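Predicted, not measured: the structure shown is a model, and the values here were computed from it. Order of the sequence lines sets the chain letters (A, B, ...), proteins ahead of strands, with each chain counted from 1. Just the heavy atoms: all of them, side chains too, but no hydrogens, waters or symmetry mates, feed the values below.
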Number of protein chains: 4
Amino acid sequence: MIKLTELSQDIQDAVAATREKVAKLHAELPANNLVVWTAGNVSERVPGADLFVIKPSGVRYDELSAEVMVVCTMDGEKIEDGTPARLSPSSDTAAHAYVYRHMPEVGGVVHTHSTYATAFAAVHQPIPCVLTMMGDEFGGEVPVGPFAIIGDDSIGRGIVETLKDSRSPAVLMANHGPFTIGKDATAAVKAAVMVEEVARTVAAARTLGEPVPVAQEHIDSLYDRYQNVYGQK
Amino acid sequence: MIKLTELSQDIQDAVAATREKVAKLHAELPANNLVVWTAGNVSERVPGADLFVIKPSGVRYDELSAEVMVVCTMDGEKIEDGTPARLSPSSDTAAHAYVYRHMPEVGGVVHTHSTYATAFAAVHQPIPCVLTMMGDEFGGEVPVGPFAIIGDDSIGRGIVETLKDSRSPAVLMANHGPFTIGKDATAAVKAAVMVEEVARTVAAARTLGEPVPVAQEHIDSLYDRYQNVYGQK
Amino acid sequence: MIKLTELSQDIQDAVAATREKVAKLHAELPANNLVVWTAGNVSERVPGADLFVIKPSGVRYDELSAEVMVVCTMDGEKIEDGTPARLSPSSDTAAHAYVYRHMPEVGGVVHTHSTYATAFAAVHQPIPCVLTMMGDEFGGEVPVGPFAIIGDDSIGRGIVETLKDSRSPAVLMANHGPFTIGKDATAAVKAAVMVEEVARTVAAARTLGEPVPVAQEHIDSLYDRYQNVYGQK
Amino acid sequence: MIKLTELSQDIQDAVAATREKVAKLHAELPANNLVVWTAGNVSERVPGADLFVIKPSGVRYDELSAEVMVVCTMDGEKIEDGTPARLSPSSDTAAHAYVYRHMPEVGGVVHTHSTYATAFAAVHQPIPCVLTMMGDEFGGEVPVGPFAIIGDDSIGRGIVETLKDSRSPAVLMANHGPFTIGKDATAAVKAAVMVEEVARTVAAARTLGEPVPVAQEHIDSLYDRYQNVYGQK
C-alpha cells in the first residue's frame, strides 16, 4: 500500500492543501441544504499526483476536518494517509475514481441527494432548459443517467457515458440523485448548488403550467457568453 | 415509587449518561426542521436497567437539558428522578414504553410531526420505494400504521404490529405522523431525519410525474450492502 | 391623551413587563419563518389596565425592542408612552383592539401572512381537520373569515364573528392571512406557529391525494385531552 | 476613463456612503433566500452624481464589502474606482443602467433568480392579485416582461416598457427572473423580498384550488392607503 509519508514533499504538500480545500468545501453542502445527516460527498484531484481526496464514509458534516479526509489512488483505493484504518473512503469512491480515470479534464466531483434534483431522478425526467440560468450554467437540459447500483463500475460508467456528449456538468442518476463535475471541486460544488436551484424552480413552474422552452439559439448564446465572459478575469 | 438515588451507582451513572445523550439528540429535531414549538420527542433505554429516558411534556427545545429529561419505568411511569414533580414525561410516553416492552432489540424511539412524512400519513399512503436511498435506509417502502389516539396502548400496538414484519425503522401512523426506532436513540433520530427527507423528495417527484419503482432485487442488494458495509468499522 | 407617566406605578410596571414580553415574542415570528420584512405583529393586554402593547408600524424585526413597543387604549389609540411621536402602532391595531373589546377572555393577538395559511386564505378554503395535531390544537378545522379591508372595524368584526362559535384559536381572513388569539400573547404566537405548520402539512398532503378526515368523536377526544392534560401542571 | 479621486469631495463622500449601503443590502438577498452562490445583484444611484454603485460580477456574498462595490457611469461603464481592474461590474449592469437612464424617479434596482418568482417567469404568467398584501405592495398583478438575453439593451428596455405603465415595482422577465425598482436600493430590495413571498404564497394557493381575485376597487383602496399611510412618518 502506498504511504503518504514516502511520497515527495511536493506531493505531500499538495495533498495537505487539497485536504484543506475539500474539507472546507464540504461545508457548502449543508449550508446550501443539499444534504442531510452523512449523505453527499466532494472529491478533488491532487495536482501533480495520481491521487484524489474524498470524504470518509458515514461521518457527520460537523465532524469533518482536513485531517480525516481520505486520500485514494485512481483505482479508488485508500493509501496509508495518516487517518485511522477504520476511516474508509466514501461508499461512492469507485464512481468518483471512474470519472477521474475516464475524464482527464475533470478535477472535482460532487454527489448529493438534493431534494428536487433527486425528484427529477425518481421520475427519470431530465430538467428541461426553460431558464436563462440553465443556458448559462448547463448549456441545455440536465440529462438523466441510467439506473445503476453500487458494487462495480456501473455508476461511474453511467456518469461518464451521459456527460461525455453533454455540455451539462450535472447528471441525474436514475432513482439515485445528482453527480456533478468541474475543473476543480469548487466548480463541481457550484454545479451541485445550481442543479438543485434549477430543479426546484422548474418543479415549482410545473405546478403552475407548462414551462416555455428557451430556443436553442438563445441557449447557445447564453452558454457561450457565460463560459467566456462572466465573472472576474 | 422508585427513587433514582436508591438505585446502584452503576445505574445512576448510566441514567446520567443517557440523559446527556437524549438531551443532546433533541437538538437534532429542530436543527433538521422536523418539529415546531414543543412537538416531537426522543427516548432511549438506559443500559443495564429497566428504565428509559424521555423528553418532558410541553417544554420548548431551547429549554431542554440533561437535568429535565424524565426517567421512566418500562410501564411508562415516571420515577423519582430529581426533576420537579410538575415535569411530566412526554404525552407519547406510553407509546415509547409499549415499543420497548415488545421489541427488545430496540434501544431508541423518536416521534415527530415532520411535514412531508405527516402528509403521507394524512392520505394513508406508504412512501413507495423509488429511491436508492430508500433501499439503503428502509429496505423498501415506509409503511402506514393504523389510526390510533392517545389514551391506551393503541398507538404503541400500531407501531409494533406495523414494524415487526418490516425492514423499515419508520412507520407513518395514520393522520398523526412518523415514529422511528433504532438500536439506540441516535439511529432512531437518523431514521426520523431520513424519513422526512425521502418523504419530501417523493412528494416533489409526484408533482412531476409517476416515480419509477426500484426493483425488489435491487432493493435487497442495496439494503444488504448498506446495513453491512456502509460507514466506518 | 393619556400619559404613561401619570398612571399608577403598578400599571407602569405592568406596561414595562408587557413591553419586554411582546418585544421578545416578536422574535418568534421570523425564527419560525412566519413573516418577511416588516409584516406581522403581536399584541398583549396589559394586566390590570385597559391598555395593550403592540408592534410599531413598518419597523424591521431586528430593530424591535421593548422601548419601541407602542401602548394603546382599547380603542386602539396610542397613549403618550415615551416612544417618539413618529412611531405609530401597527396598521392592524384597530383589528387587535376590536378583538380585545369583544372577547374579554383573549389576552393576546397575532397576525401574520405566513405562506401556507395565507394560501388557504387565498382560495377561501378552511384547513380541514385531517391531523391529530389539529384535533389537539384547533379542535376541528381552521375556519375562513370574510374578506375585509383596513379602514374600519370590518377586520376585527370578521375575526370575532368567525372565532366566537369555533374552538379554533386561528382564523384565515379571506385573501389576507391568519389572525390568532390566546389567553396571552405566548398562546397566540403558538397558534400562529401551529396554523402555518398544519397548513403546510395539509397542502403537501393535498398534492399526494385526498387527506382522510379525522372522525368528530376522535377530534373531541383529542381536543379535550390536549387542553386539559398536555404539558406541565 | 473617469477617476473617482478626481471627482469633488462631496461626490467621493456620496460614493463611499452608497458603497456602504449597497454592500450591506446585498446581505439581505441570501438572508431572505433569494439567491444562491453569486447570483443576484443590487444597485443604487449616487446622490448628486451621474453614477451608480453595483455588485462586482461572480463574487460570493460572503466576500462582498463596500470596497469591492463597483462604481459605474449611467452608460454602465466602470470608472477608475479604486477596485482592482479584474473586478468587473455585474453582468446585468447594462440593464440597471438602462433603467436609471429611462426612469429618473428610480434610485435603486435589484435582480434575483428567486425560486417562485422565477417559476412564474418560466411559465410566462403574471402573479395575479389575490392577496391584500399584493394590493398594498404592487397595486395589482406582478407583470411578465418579454424574453430578452444579455448583450444589448433588450433586458433594460423590457423592464422599462413593462413597468412604465404599471404600479408594480417588480417585473418577471420571461424565462429569467424578477427585476425590482424603488426610490432607493432599500425599497428595491424590499420589493424583491415581497415578490418572492407573494409568488410562493400564490403558487401554494394554486395547488389547493383557484385563488379568488381581489376586486379592483379594493386593490385601489389598499394601494392608496399603503403608499400614503403605512409605516412611520
Side-chain angles (χ1 to χ4, degrees), chain B residues 30 33-40 56-63 68 70 83-92 112-128 144 147-151 154-155 172-177 196 199-200 202-208, chain C residues 24-25 27-28 31-34 114-116 127-137 182 186-215 217-233:
Chain B
N33 296 312
L34 303 183
V35 293
V36 297
W37 213 254
T38 64
S57 180
V59 176
R60 300 284 310 263
Y61 279 82
D62 54 5
E63 296 166 1
V68 300
V70 178
T83 60
R86 65 176 174 76
L87 283 184
S88 315
S90 163
S91 57
D92 297 302
T112 79
H113 297 153
S114 66
T115 307
Y116 288 92
T118 303
F120 275 95
V123 292
H124 295 205
Q125 292 179 16
I127 310 175
V144 175
F147 180 86
I149 65 173
I150 277 181
S154 60
I155 294 179
L172 310 172
M173 293 299 285
N175 297 102
H176 186 169
E196 179 63 7
R200 181 169 41 229
V202 177
R206 289 268 290 269
T207 71
L208 297 170
Chain C
K24 201 171 161 198
L25 278 168
E28 295 283 350
N32 285 282
N33 296 311
L34 304 182
S114 67
T115 306
Y116 288 91
I127 310 175
C129 189
V130 298
L131 301 171
T132 57
M133 181 164 60
M134 294 187 68
D136 290 344
E137 289 283 344
T186 305
V189 169
K190 183 188 179 188
V193 171
M194 299 309 287
V195 75
E196 179 63 8
E197 180 65 8
V198 302
R200 180 168 44 230
T201 303
V202 177
R206 288 269 289 269
T207 70
L208 296 171
E210 191 58 32
V212 179
V214 177
E217 65 184 280
H218 295 312
I219 294 174
D220 292 344
S221 158
L222 288 163
Y223 183 70
D224 180 62
R225 183 200 63 85
Y226 193 74
Q227 301 304 319
N228 296 306
V229 180
Y230 182 77
Q232 307 301 340
K233 289 141 221 162

Legend entry - Check: Thr118(B) side chain, His113(B) main-chain N or O, donor-acceptor pair, under 3.5 Å: yes
Legend entry - Straight-line distance of Thr207(C) OG1 to Tyr116(B) OH, nearest 0.5 Å: 7.5 Å
Legend entry - For chain B, the option from Val202(C), Thr201(C), Leu222(C) that forms the most heavy-atom pairs under 4.5 Å: Thr201(C)
Inset, instruction - Report the distance from atom CD of Glu196(B) to atom OG1 of Thr112(B), rounding to the nearest 0.5 Å. - result: 6.5 Å
Inset, instruction - May I ask you to decide if Ala192(C)'s main-chain N or O and Glu197(C)'s side chain share a donor-acceptor pair within less than 3.5 Å? - result: no
Inset, instruction - Find the one option among Pro213(C), Gly135(C), Ser221(C), Gly209(C) whose heavy-atom pairs under 4.5 Å with chain B are most numerous. - result: Gly209(C)
Inset, instruction - With a 4.5 angstrom heavy-atom cut-off, could you sort out which part of Met134(C) is near chain B: side chain, backbone, both or neither? - result: neither
Legend entry - Residue Glu28(C) versus chain B: region with a heavy atom under 4.5 Å: side chain
